[in-house]
K.L.:
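What follows is a structure written as structure tokens; I'll ask about it next.
Heavy atoms only: backbone and side chains are in, while hydrogens, waters and symmetry mates are out. Owing to the predicted nature of the structure, the values given are computational and were not obtained by experimental measurement.
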Amino acid sequence: MSRLMSSLLVALVHSLWFFGVSGSASLCGKPSGNQPSDFDFYMLAMSYSPTFCRQHPEKSDTRQCEGQYGLILHGLWPNYERGYPQNCKSSYLPTKDDLLQTLDTISDWQTIAPEYDDLIVHEWCKHGTCSGLSPQDYLDKAFNLARQYVNPSTLNCEEITEQYPDAQVQGCNGGSGTLSEVRFRVEKDGASTPDAAARRLSSTAFVALNAMGDVAHAEKPRDYNNDPIYFDPVMTVADAWDVADGLYLCIKNNNSEFLWVNDNFAKLVGSTKEALIGTRDSRAEHVAADQRTLQSGVPLLNYHETIQVPTADGSMEDIEIVTQKGLLREKGGSRIIGITVAFHKLFPDPVAEAQSLITDLSMKPTGIGGYIAAGPSSDITLSHEALPTRFVEDAKAYSSNYFLLSQGEALQLHALSQDEQWFFHRGNSIALHIFDATTG
């Protein structure tokens with residue numbers, strides 16, 4: 001295998017190569033660090049079969065698409081209030097045959113989930129292992145919950161949103177669109193509960209996040225409270241902005257009172273979302289800057305400034321930021337009702353940062369492009385006689401290196417005698433080209 005690398009700016013990556021000892025693999029493979037039973041609630045996902053079959057004509061001869069199905073079971077998924085566990089280390093280690101035999105104990109499973117025999121390994125390994133239940137109890141719970149929602153009739157978005165106002169409805173946009181899936185929040189004890197709290201996002205806040213500037217909305221108003229982002233599990237727009245790395249956001253009204261802030265902003269200023277929302281910005285210079293932007297009627301973009309933020313020891317430090325201040329306009333209108341603030345920390349000069357890393361890590365030129373410094377390695381040495389013939393010397397069980405490419409550099413093609421893992425640490429992205437002797 002040969003590899004060619006080229007840099008866009010400065011990239012510092014960490015490579016690790018190792019030898020592994022394989023044993024008998026379980027059905028679900030290597031578990032994650034998530035623990036069974038450690039979750040907040042279940043999400044019951046019900047797919048709308050007609051849409052699935054229409055979007056997948058290659059499935060036309062399957063049991064599902066040949067039959068007359070409406071809502072059918074997709075899965076029962078343990079969830080946190082934010083995020084979800086997956087591939088937990090379960091004490092139950094069924095084989096695929098065990099799972100299929102368990103499925104067959106549910107006499108009407110083909111009516112509730114006609115293709116579940118194809119899904120069962122994925123659903124058990126990714127989600128069922130985190131339930132803390134046995135395969136039998138997990139499947140019984142999933143099918144018992146789904147049984148109350150199975151609907152063989154043809155449904156549309158308006159009907160489904162009226163019938164299940166607290167569910168998360170995928171594919172529908174304020175009552176229109178193409179229904180694809182309906183998801184219900186279910187507490188651990190099995191009781192369905194309204195999911196509005198988990199999905200709540202004020203339309204005012206979303207207009208601000210969607211605009212981020214002097215933009216009046218001419219599009220048809222949409223009900224963003226019922227229009228979540230369809231990840232697994234479903235996220236609201238507020239959820240997505242909360243976990244956006246490196247981005248600090250807040251929305252204020254005309255009096256500089258916080259209508260919404262993301263988690264990053266709250267933590268940076270040493271507070272919480274709950275403590276900030278509904279209060280007025282206490283920093284006089286920021287209130288004055290808000291008023292200047294509001295009175296000008298023009299967004300303030302790419303503004304470089306220095307702000308003070310608290311540190312862990314209680315002192316204050318200066319950080320340089322680049323700020324975008326937009327004008328928040330009322331939904332469907334042009335009246336200015338507030339201001340949106342988005343900023344990120346100012347990145348250091350890439351050339352200076354690269355030189356600093358080379359010095360701090362005592363990195364040396366590789367001779368074929370870039371710089372390298374040794375990282376942690378194993379204290380176990382493997383004899384080359386026990387290794388494949390491509391190894392002519394003894395080798396560590398694993399070793400690691402820090403590697404850096406400066407702007408405009410490329411790492412020349414070279415062959416590898418062992419597997420590598422690469423971890424990105426600092427700088428910008430790199431283009432990695434891999435060539436294989438057999439496949440090209």
K.L.:
If only side-chain N and O atoms count, and only distance matters, is there a donor-acceptor pair under 3.5 Å linking Q101 with D97?
P.N.:
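Side chains of D97 and Q101: no pair found under 3.5 Å.
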
K.L.:
Take V150 and M46 through the test side chain to side chain contact (heavy atoms under 4.5 Å, CB included) and record every step on the way to the result.
P.N.:
CA-CA 8 Å; V150 169; M46 302 291 293; 4.1 Å; yes

K.L.:
Is the closest side-chain donor-acceptor distance between W77 and Q86 under 3.5 Å?
P.N.:
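Absent: no donor and acceptor within the cut-off.
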
K.L.:
Grab the two heavy atoms, one from T129 and one from C88, that are nearest each other, plus how far apart they are.
P.N.:
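Nearest heavy atoms, T129 then C88: OG1-N, 3.0 Å.
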
K.L.:
Taking the side chain as C-beta and beyond, is there a heavy-atom pair between N253 and F258 under 4.5 Å?
P.N.:
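Result no, sub-4.5 Å side-chain heavy-atom pair not found.
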
K.L.:
With a 4.5 Å cut-off on side-chain heavy atoms, are L382 and L387 touching?
P.N.:
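In contact.
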
K.L.:
Restricting to non-hydrogen atoms, name the atom on S378 and the atom on K396 that form the minimum distance, rounded to 0.1 Å.
P.N.:
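Minimum heavy-atom separation between S378 and K396: O-CD, 3.1 Å.
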
K.L.:
Distance check, rounded to the nearest 0.5 Å: I339 atom CD1 versus K252 atom NZ?
P.N.:
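Interatomic distance, I339 CD1 to K252 NZ, rounded to 0.5 Å: 7.0 Å.
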
K.L.:
With distance as the sole test, does T95 use its side chain to make a donor-acceptor pair with the main-chain N or O of D98 at under 3.5 Å?
P.N.:
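Yes, because the side chain of T95 sits within donor-acceptor range (under 3.5 Å) of the backbone of D98.
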
K.L.:
Using the rule given for side chain to side chain contact (heavy atoms under 4.5 Å, CB included), can you reason through W109 versus D104, listing the C-alpha separation, both sets of side-chain angles and the distance that settles it, and then say yes or no?
P.N.:
CA-CA 8 Å; W109 73 264; D104 283 336; 3.4 Å; yes

K.L.:
Looking only at heavy atoms, which two atoms of G132 and S37 are closest? And how far apart?
P.N.:
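So the minimum-distance heavy-atom pair works out to CA-OG, 3.3 Å.
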
K.L.:
Report yes or no: is the cationic atom of K364 (NZ for Lys, CZ for Arg) under 6.0 Å from the centre of the six-membered ring of Y371, at an angle within 45° of the ring normal?
P.N.:
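Because its charged atom misses either the 6.0 Å distance or the 45° angle limit, K364 does not stack over Y371.
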
K.L.:
Is a side-chain N or O of E257 found less than 3.5 angstrom from the main chain of T279, in a donor-acceptor match?
P.N.:
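Between the backbone of T279 and the side chain of E257 there is no qualifying donor-acceptor contact (under 3.5 Å).
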
K.L.:
Is any side-chain heavy atom of D61 less than 4.5 Å from a side-chain heavy atom of E66?
P.N.:
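Answer yes - side chains close enough.
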
K.L.:
Is it true that atom CD of E393 has more than 12 heavy atoms of other residues, nucleotides or ligands lying nearer than 6.0 Å?
P.N.:
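No, not enclosed.
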
K.L.:
According to the interplanar angle, ranging from 0 to 90°, do the rings of H127 and H122 count as parallel (below 30°), tilted (30 to 60°) or perpendicular (above 60°)?
P.N.:
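Perpendicular: the ring planes of H127 and H122 meet at over 60°.
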
K.L.:
Could you tell me whether K273 atom NZ has more than 12 heavy atoms of other residues or ligands within 6.0 Å of it?
P.N.:
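Atom NZ in K273 is crowded, with more than 12 foreign heavy atoms closer than 6.0 Å.
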
K.L.:
Over all heavy atoms of both residues, which pair between P135 and L99 is shortest? Give the atoms and the distance, please.
P.N.:
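Closest heavy-atom pair between P135 and L99: CB-CD2, 3.9 Å.
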
K.L.:
Assess the pair F143 and Y116: is the distance between their ring centroids shorter than 6.0 Å?
P.N.:
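Ring centroids of F143 and Y116 are less than 6.0 Å from each other.
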
K.L.:
Do D38 and P85 have side chains that approach each other closer than 4.5 Å (heavy atoms only, starting at C-beta)?
P.N.:
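Side chain of D38 against side chain of P85, heavy atoms only: no contact under 4.5 Å found.
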
K.L.:
Looking only at side chains, do Q136 and T102 share a donor and an acceptor under 3.5 Å apart?
P.N.:
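The criterion, which ignores hydrogens and geometry beyond distance, is not satisfied for T102 and Q136.
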
K.L.:
Within the distance-only criterion (no hydrogens, no angle test), does the side chain of E115 pair as donor or acceptor with the backbone N or O of Q64 below 3.5 angstrom?
P.N.:
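Present.
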
K.L.:
Evaluate the criterion side chain to side chain contact (heavy atoms under 4.5 Å, CB included) for residue pair T323 and K325; output intermediate values, then yes/no.
P.N.:
CA-CA 6 Å; T323 301; K325 288 195 175 185; 3.8 Å; yes

K.L.:
Judged by atom type as modelled, is there a donor-acceptor pair below 3.5 Å linking the side chain of S400 to the main-chain atoms of P376?
P.N.:
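Yes, because the side chain of S400 sits within donor-acceptor range (under 3.5 Å) of the backbone of P376.
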
K.L.:
What about F184 and Y149, are their ring centers closer than 6.0 Å?
P.N.:
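Yes; Y149 has its ring centre under 6.0 Å from that of F184.
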
K.L.:
For S134, check side-chain hydrogen bond (donor to acceptor under 3.5 Å, both in side chains) against everything at least two apart and list the hits.
P.N.:
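In terms of side-chain hydrogen bond (donor to acceptor under 3.5 Å, both in side chains), with neighbours along the sequence ignored, S134 is linked to D137.
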
K.L.:
Taking all heavy atoms of F41 and all of F39, pick out the closest pair and write down the distance.
P.N.:
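For F41 versus F39, the nearest heavy atoms are O-CD1, 3.3 Å.
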
K.L.:
Take C125 and L27 through the test side chain to side chain contact (heavy atoms under 4.5 Å, CB included) and record every step on the way to the result.
P.N.:
CA-CA 8 Å; C125 290; L27 177 69; 4.3 Å; yes

K.L.:
Tell me if a side-chain donor or acceptor on T62 pairs with a main-chain N or O of K59 at a distance below 3.5 Å.
P.N.:
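At least one qualifying donor-acceptor pair exists.
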
K.L.:
What I'd like to find out is whether the side chain of N34 reaches to under 4.5 Å of the side chain of Y80, using heavy atoms alone.
P.N.:
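In contact.
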
K.L.:
Hey, can you tell me if W124 and Y138 have their rings parallel, tilted or perpendicular (30° and 60° cut-offs)?
P.N.:
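Correct class here is perpendicular.
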
K.L.:
Check whether any side-chain heavy atom of P78 lies under 4.5 Å from a side-chain heavy atom of Y84, and answer yes or no.
P.N.:
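In short, these two side chains do not touch, never coming nearer than 4.5 Å.
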
K.L.:
F343 and side-chain contact (heavy atoms from CB on, under 4.5 Å): which partner among L268, L247, V322?
P.N.:
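Single pass found, and it is L268.
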
K.L.:
Below 4.5 Å, heavy atoms only, C-beta onward: do E123 and H74 meet side chain to side chain?
P.N.:
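E123 reaches H74 side chain to side chain.
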
K.L.:
D263 side chain to D242 main-chain N or O, any donor-acceptor pair under 3.5 Å?
P.N.:
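Absent.
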
K.L.:
Using atom types as modelled and distance alone, determine if a side-chain donor or acceptor of S180 lies under 3.5 Å from a backbone N or O of Q170.
P.N.:
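Pair found, side chain donor or acceptor close to backbone of Q170.
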
K.L.:
Does either side chain, that of T111 or that of D108, offer a donor lying less than 3.5 Å from an acceptor on the other one?
P.N.:
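Judged by distance alone, the side chains do not pair up.
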
K.L.:
Closer than 3.5 angstrom, by distance alone: can the side chain of T366 be matched with the main-chain N or O of I368 as a donor-acceptor pair?
P.N.:
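Yes.
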
K.L.:
Kindly say whether R54 contributes a backbone atom to a donor-acceptor pair with the side chain of H56 at under 3.5 angstrom?
P.N.:
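Side chain of H56 to backbone of R54: no pair is present.
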
K.L.:
Can you check whether E181's main-chain N or O pairs, donor with acceptor, with S47's side chain at less than 3.5 Å?
P.N.:
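Not confirmed, S47 side chain does not pair with E181 backbone.
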
K.L.:
With heavy-atom distances below 4.5 Å as the criterion, would you say the side chains of D140 and I106 are in contact?
P.N.:
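Side-chain contact under 4.5 Å: yes.
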
K.L.:
Listed by chain and number, what are the salt bridge (charged side-chain N to carboxylate O under 4.0 Å, His left out) partners of D117, not counting sequence neighbours?
P.N.:
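Checked D117 against salt bridge (charged side-chain N to carboxylate O under 4.0 Å, His left out); matches are R63.
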
